[in-house]
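All remarks here apply to the structure that follows.
Keep in mind that the numbers below use all heavy atoms, side chains included, and drop hydrogens, waters and symmetry copies. The structure displayed is predicted, hence computed values, not measured ones. Numbers here simply count residues along the sequence, with the first being 1.
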Amino acid sequence: MPDRAFGHTPGMNRPIPSPRAAAPTTTALRLLREIFGHESFRGAQAEIIEHVVAGGDALVLMPTGGGKSACFQIPALLRAGTAVVVSPLIALMQDQVDALLLLGVRAAFLNSSLDAAAARAVTRRLLAGELDLLYVAPERLVIEPFLALLEQVDGAHGLALFAIDEAHCVSQWGHDFRPEYLALSILHERFPRVPRIALTATADAVTRAEIVAKLGLAEAREFVSSFDRPNIRYLVAPKDSPREQLQDFLAGHAGEAGIVYCLSRRKVDETAAWLRAQGIAALPYHAGMDAEARRANQARFQREEGVVIVATIAFGMGIDKPDVRFVAHLDLPKSLEGYYQETGRAGRDGEPAEAWLAYGLADVVLLKGWIDQSEAPEAQKRVEAIKLDAMLGYCEAVRCRRVILLEYFGEHAAPCGNCDTCLEPPETWDATTAARMLFSAALRTGERFGAGHLIDVLRGKDTDKVRQHGHQLLPTFGVGAGHDEATWRAVVRQLVALGLLHADSSRYGALALTDAARPVLRDEATLELRRPRPRRARPARRGRSGRKAAAATSGLAPADTQLFESLRALRTELAGAAKVPPYVIFHDATLREIALAKPASEEQLRTIPGIGAAKLERYGDAVLRVVNLSG
């Protein structure tokens with residue numbers, strides 16, 4: 001088993017500081033500087049850390065990339081004993097432990113990837129009080145033998161805290177429900193004096209209440225940071241030719257790492273194969289694949305530059321890769337929570353990133369069908385239907401995308417100027433007459449047909465299906481010939497989004513009027529709808545440069561850019577030797593700062609954000625050699 005699984009770092013001669021006796025705030029900042037290489041806390045981090053160090057429970061809502069890990073890692077080093085971190089994914093555990101070990105922190109994980117001998121070695125170190133953090137899966141944590149082991153550790157050396165990461169997994173109505181999370185309330189019962197911190201990047205008010213109730217956190221202090229990710233540009237497009245649309249979008253991200261989400265496993269496989277045929281390094285990921293193939297593809301995505309993962313929502317939770325430059329959805333997500341969580345995997349380094357979504361009415365019908373056919377209780381089905389309606393409403397909105405997202409999570413904001421509706425405000429038109437035509441066509445055909453057939457009737461298309469049902473004889477036949485198909489499809493989607501039409505999934509998407517449509521049909525109300533935009537191809541970028549180079553080397557002189565690329569080459573070499581992803585060694589932002597500052601000594605290198613004492617000792621000489629050679 002590699003050394004990293006056991007929680008020690010070969011070549012590290014200098015022990016990490018032992019700060020547990022010092023004042024929390026001052027010592028926390030010192031730890032942040034010496035171990036993590038950052039000069040100051042962000043947002044509410046300092047307040048959260050001080051609260052947990054003092055023994056308080058906390059519920060922390062912080063966006064992806066906002067620094068959640070520091071909120072439990074630093075208290076773990078400041079409090080006596082071992083901190084136990086509940087993590088839902090093996091890959092996430094290994095990534096975080098790898099990163100901590102390179103910082104000189106005594107960390108380890110216990111999960112099914114370890115053989116018996118390796119697991120015993122970690123257990124021995126735990127019992128000996130040699131671990132600052134231990135990462136475990138929820139299903140292991142709640143079994144009686146492991147709880148008994150923790151009681152033994154608590155009696156001997158103490159438990160510093162329990163950190164419950166991805167706490168939204170406890171929500172039975174959420175997008176990432178994990179049944180094993182429901183049992184975590186036992187921690188408070190068995191270890192009432194050990195503080196708990198539950199963390200998530202995604203939770204609306206209903207989910208927050210469920211986390212509090214299910215985990216027994218009624219006395220916990222809530223820390224809610226802004227959900228805004230200003231570096232992410234949100235783009236939404238109705239499906240036209242989805243693959244061509246995706247190709248247009250990816251032309252702006254050549255050579256960059258990204259994620260493409262699809263609803264079905266089959267579509268994942270087909271899309272990944274198609275992207276490879278276009279010369280893009282694309283790999284599939286879904287639960288139907290062999291476990292080893294999934295692990296191999298995820299490892300390539302994390303360790304290689306410019307790999308694109310095509311996945312179902314089975315991929316991504318806890319992925320710590322900071323330089324994902326885009327997330328694309330080829331199908332409509334089930335909820336705004338899921339969409340926010342998935343798009344949040346882009347731009348964790350704070351550099352510009354894009355979230356692109358293509359959607360169509362067929363997606364709505366499919367997802368409504370899944371809800372209707374599920375065996376979930378009726379109350380849960382109603383909640384899921386409401387969340388899907390909110391997702392469709394977001395897609396069809398004429399307002400700022402970011403404002404809508406933040407409002408969903410209970411936060412108010414001004415228009416962002418960095419989403420498609422802000423950059424190119426949509427044109428609206430009086431669609432009252434068009435809506436009445438559509439309603440009339442639906443009623444005259446018995447509310448038994450889907451959008452495609454009704455549009456054919458309205459546009460006067462002489463199809464076999466139209467003639468089969470005699471619909472060419474209806475007064476509505478051809479009355480909408482003045483609008484093209486794209487306009488009619490936009491009208492249908494928006495009327496469904498507004499709740500004026502219902503797409504019946506049990507009848508293949510047959511459109512029926514709701515009570516809300518009656519005032520429009522009777523000419524008692526008017527409708528302003530969004531006019532569809534013609535699709536425009538984006539210009540292709542050159543080779544590997546793309547947005548990655550633009551983001552990471554923006555403002556650098558040519559010589560500095562050359563140094564940045566040399567540092568990236570060094571990082572790749574160091575990562576290969578350590579068997580970790582490159583970003584675990586240094587983020588692009590750190591390399592950029594080195595290229596700008598050109599430090600000539602260890603003391604100067606120490607001032608670069610992201611370089612703590614352990615990384616300075618381990619990699620300082622190699623970095624300085626590259627800087628000196630750049631001359």
Side-chain angles (χ1 to χ4, degrees), residues 64-65 229-262 271-272 274-283 301 304-311 316 319 321-333 339 342-359 395 400-402 405 416-426 532-556 561 564-565 568 583 588-589 592:
T64 302
R229 294 288 305 283
N231 61 311
I232 297 179
R233 175 172 293 174
Y234 297 99
L235 309 167
V236 180
K239 284 185 182 177
D240 178 3
S241 301
R243 284 188 174 179
E244 292 179 14
Q245 290 172 280
L246 177 63
Q247 191 172 26
D248 290 346
F249 173 72
L250 294 182
H253 293 278
E256 296 177 351
I259 305 171
V260 178
Y261 283 109
C262 304
T271 302
W274 176 76
L275 287 175
R276 286 195 298 274
Q278 311 309 307
I280 295 171
L283 300 171
F301 174 71
E304 297 179 16
E305 303 280 2
V307 173
V308 174
I309 281 282
V310 185
I319 292 298
K321 187 176 174 66
D323 61 346
V324 175
R325 295 271 64 86
F326 68 87
V327 169
H329 285 84
L330 268 182
D331 298 301
L332 186 71
Y339 173 73
E342 289 149 20
T343 58
R345 287 155 194 160
R348 290 172 59 99
D349 54 7
E351 300 292 344
E354 289 189 316
W356 177 82
L357 163 63
Y359 72 104
C395 293
C400 169
R401 306 280 184 200
R402 197 179 312 275
L405 271 178
C416 68
N418 191 34
C419 68
D420 56 353
T421 55
C422 284
L423 293 168
E424 294 184 69
R533 287 196 190 101
R535 181 163 66 92
R536 297 194 303 270
R538 294 172 55 154
R541 296 178 184 263
R542 293 191 300 270
R544 283 186 53 85
S545 59
R547 287 175 58 92
K548 184 175 184 67
T553 63
S554 176
L556 294 183
T561 300
F564 174 84
E565 293 298 339
R568 282 186 68 206
Y583 58 80
D588 276 356
R592 173 187 164 82

Is the shortest side-chain heavy-atom distance between [X] and [Y] below 4.5 Å?
{"X": "Arg233", "Y": "Leu423", "result": "yes"}
{"X": "Ile259", "Y": "Glu342", "result": "no"}
{"X": "Ile280", "Y": "Gln247", "result": "no"}
{"X": "Phe564", "Y": "Asp588", "result": "yes"}
{"X": "Cys262", "Y": "Val310", "result": "yes"}

Please check this pair: side chain of [X] against backbone of [Y], looking for a donor-acceptor N/O pair closer than 3.5 Å.
{"X": "Arg402", "Y": "Cys419", "answer": "no"}
{"X": "Glu256", "Y": "Phe326", "answer": "no"}
{"X": "Lys239", "Y": "Asp331", "answer": "no"}
{"X": "Arg276", "Y": "Ala282", "answer": "yes"}

Nearest 0.5 angstrom please: [X] [atom1] to [Y] [atom2], how far?
{"X": "Tyr339", "Y": "Tyr359", "atom1": "OH", "atom2": "OH", "result": "11.5 Å"}
{"X": "Trp356", "Y": "Leu330", "atom1": "CH2", "atom2": "CG", "result": "5.5 Å"}
{"X": "Leu235", "Y": "Glu354", "atom1": "CG", "atom2": "CD", "result": "5.0 Å"}
{"X": "Leu357", "Y": "Phe249", "atom1": "CG", "atom2": "CZ", "result": "10.5 Å"}

Which heavy atom of [X] sits nearest to which heavy atom of [Y], and what is that distance?
{"X": "Ala355", "Y": "Ile232", "value": "CB-CG2, 3.9 Å"}
{"X": "Tyr583", "Y": "Pro322", "value": "CG-CD, 3.1 Å"}
{"X": "Arg325", "Y": "Gly347", "value": "NH2-CA, 3.6 Å"}
{"X": "Leu283", "Y": "Ala272", "value": "C-CB, 4.2 Å"}
{"X": "Thr421", "Y": "Arg401", "value": "OG1-N, 3.5 Å"}
{"X": "Cys416", "Y": "Cys422", "value": "N-SG, 3.7 Å"}

Go through Leu250 and Val308 one step at a time and tell me if the side chain to side chain contact (heavy atoms under 4.5 Å, CB included) criterion holds.
CA-CA 10 Å; Leu250 294 182; Val308 174; 5.6 Å; no
Give the C-alpha distance, both sets of side-chain angles, the deciding distance and a yes or no for salt bridge (charged side-chain N to carboxylate O under 4.0 Å, His left out) between Lys321 and Asp323.
CA-CA 6 Å; Lys321 187 176 174 66; Asp323 61 346; 3.2 Å; yes
If only side-chain N and O atoms count, and only distance matters, is there a donor-acceptor pair under 3.5 Å linking Tyr261 with Arg345?
yes
